[in-house]
2 protein chains.
Amino acid sequence: MTLDTTPFADSSLDACIDRCCPVPIPQRGSLADLLELLGSPAGARGSVPESIPLALWRVPQHAALVHEGSRGRSIYVVRHGFFKRSKTLEDGYEQVLSFMQAGEILCFEALHNGVQPASLVALETSSVYVLPVAELNSLHLRCPQLAEALQRALSRQLLHATESVEMMAAVSSEVRIARFLMWWSSRMAAMGQSPRRLRLRMCRRDIASLLGVAHETVSRSLTSLSEEGLLRVSNRDVEILDMDHLHARARCTRSPGTCDKERREPRLATPEALQHRSADAVM
Amino acid sequence: MTLDTTPFADSSLDACIDRCCPVPIPQRGSLADLLELLGSPAGARGSVPESIPLALWRVPQHAALVHEGSRGRSIYVVRHGFFKRSKTLEDGYEQVLSFMQAGEILCFEALHNGVQPASLVALETSSVYVLPVAELNSLHLRCPQLAEALQRALSRQLLHATESVEMMAAVSSEVRIARFLMWWSSRMAAMGQSPRRLRLRMCRRDIASLLGVAHETVSRSLTSLSEEGLLRVSNRDVEILDMDHLHARARCTRSPGTCDKERREPRLATPEALQHRSADAVM
DNA sequence: CGCGGAGTTGAAGCGTTTCAAACGGGGTGG
DNA sequence: CCACCCCGTTTGAAACGCTTCAACTCCGCG
């Protein structure tokens, strides 16, 4: 809480290392802040030992927090910012695996054999708490609340992995895009931001890689959804105009034709369509 | 270890409850067995308190271990057997999310809000260790090795989730099937079984649901791969004949045509093709 | 024996990929 | 400061692959 305002020292020194490696932030994080970030209930954060030092790192935009194949000696908790987790395949194709936001645990997968299975790149200037694996046990002993919070955060992490599978399992690419937008929207809502105004941090190619479609298809699906009046797309800013119908589209399991066939006809958001929204939301 | 032989009491009583709910197994599990199952190094299992009781449940084939939406009061560790994790969508479509095998942790996702996000059905008669969430903390205190083993198993679990994304991210459905088979093969190898002789426990529809394709496409891709000489398919038994080429096919990131174009021509496993295998394996 | 589910195969429609071209914006260098 | 280039994005057209619907076989089961 005390770090919410201007957590980064925007000195001239920062400018010259902007595209380099992550660097420690002068201010150190607080354990209470980390617990709140992980979603620990406020009541459980009363008697937190403040003496425990916590490293807080700054990760400039486009900088890699970890490289695929490197040794994994720490786990991280995103304090704020945005990360892309990806793998580079043998033929040079970059396979995006997930996008990670504030409150999420990074690099826990590397724990079981000590090797990072994927790279992590900050898509905007970000900051992460650093928890060295070697210190995890002593941390858990000195602060049981942290152990519990990490456990619950890991549980959430597994749930997020499930959501990725649900996104990608849609047969129609348009439905995949719709699910991706709904997923993003719910993430924004969970972070206390507007679920309607989405600012995509990644390029179309990254979305396409995650969803397993061509990047042109992402573009086409977005324009198609916007022509139906469900979205307004401007570069990487997406505004959801019709949340109900977008949600209905995201639920489609079969080919786009068989679901909401009649709704796909109106290519403009007519006043009539607006009136139907509340009624359709009930079903 | 002591339970490896005939862990199930195949009495006549079992027959009548075969399609019902999971039931506790007369024999209780041992902590050392659980630790080995989770992949804990043998050296760390010396001083394990044997007095701690561990519940071991039997789950008959086709029985549900947990139902979507129910309360999650326990986590489970698959002792042996095979589970399908799935969600039933509003329109009745069953979305398969993953398949879980021995050593994997089930229902950890339910920990953070207490509700099961998906159902778990045993695809063959299985058994699971039951760890009530309420007892987890005391278990960790009484046996730190278990806490560490669970942590590493969770790390592995997150890695498995990543593998699912990699499977589904392939654009071509044939590549998805190839990746699915390779994934299954590596699982078999990790369990000490043959990586070439695969016995699929699920129907084509379940595979199709997981991979996001039509179930006819699964059938077609399997016959296509077998016509190329990479597989031999007989119902749910799949034998991998050409592991190298199947692996190469699984790595394809683009349309099937652009990758290994020349290799797809021979529709029969000619002796010539067999000679090429070892040479191709180097690249 | 008949039934239903799982699996396979065929044919037609169409959605997606691919290649190609054009546009726009942000950055760099002149 | 502008021009330029590069990259991300969009759109078009054609080929391809997938879905869909259909028919059929096989197998287990009542």
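Letters A, B, ... mirror the listed sequences (proteins, then strands); counts begin at 1.
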Should the ring pair A:Phe99 and A:Phe180 be called parallel, tilted or perpendicular, given that the plane angle runs from 0 to 90° and is split at 30 and 60?
perpendicular
What string of B, S and - do you get for nucleotides 6-13 of chain C, 5' to 3', if B is base contact, S is sugar-phosphate-only contact and - is no contact with any protein heavy atom under 4.0 Å?
SSBBBB--
With a cut-off of 6.0 Å (strictly less than), are more than 12 heavy atoms of other residues, nucleotides or ligands near CZ of A:Arg199?
no
Looking at A:Arg179 and A:Glu166, is any side-chain nitrogen of the basic one under 4.0 Å from a carboxylate oxygen of the acidic one?
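No, no charged N to carboxylate O under 4.0 Å.
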With the threshold set at 4.0 Å, does a side-chain nitrogen-carboxylate oxygen contact exist between B:Arg79 and B:Glu104?
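So B:Arg79 does not pair with B:Glu104 through a salt bridge.
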OP1, OP2 of C:dT16 versus side-chain N and O of A:Ser172: anything below 4.0 Å?
yes
Grab the [atom1]-[atom2] distance between [X] and [N] for me, whole Å please.
{"X": "A:Ile177", "N": "C:dT17", "atom1": "CD1", "atom2": "C1'", "answer": "14 Å"}
{"X": "A:Leu225", "N": "D:dT9", "atom1": "CG", "atom2": "C1'", "answer": "16 Å"}
{"X": "A:Leu200", "N": "D:dT9", "atom1": "CG", "atom2": "C1'", "answer": "13 Å"}
{"X": "A:Ile207", "N": "C:dT16", "atom1": "CD1", "atom2": "P", "answer": "16 Å"}

In terms of side-chain heavy atoms, does A:Thr162 have a donor or acceptor partner in B:Arg85 at a distance below 3.5 Å?
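There is such a pair (donor and acceptor under 3.5 Å, judged by atom type) between the side chains of A:Thr162 and B:Arg85.
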Are the side chain of B:Arg205 and the backbone N or O of B:His215 linked by a donor-acceptor pair below 3.5 Å?
no
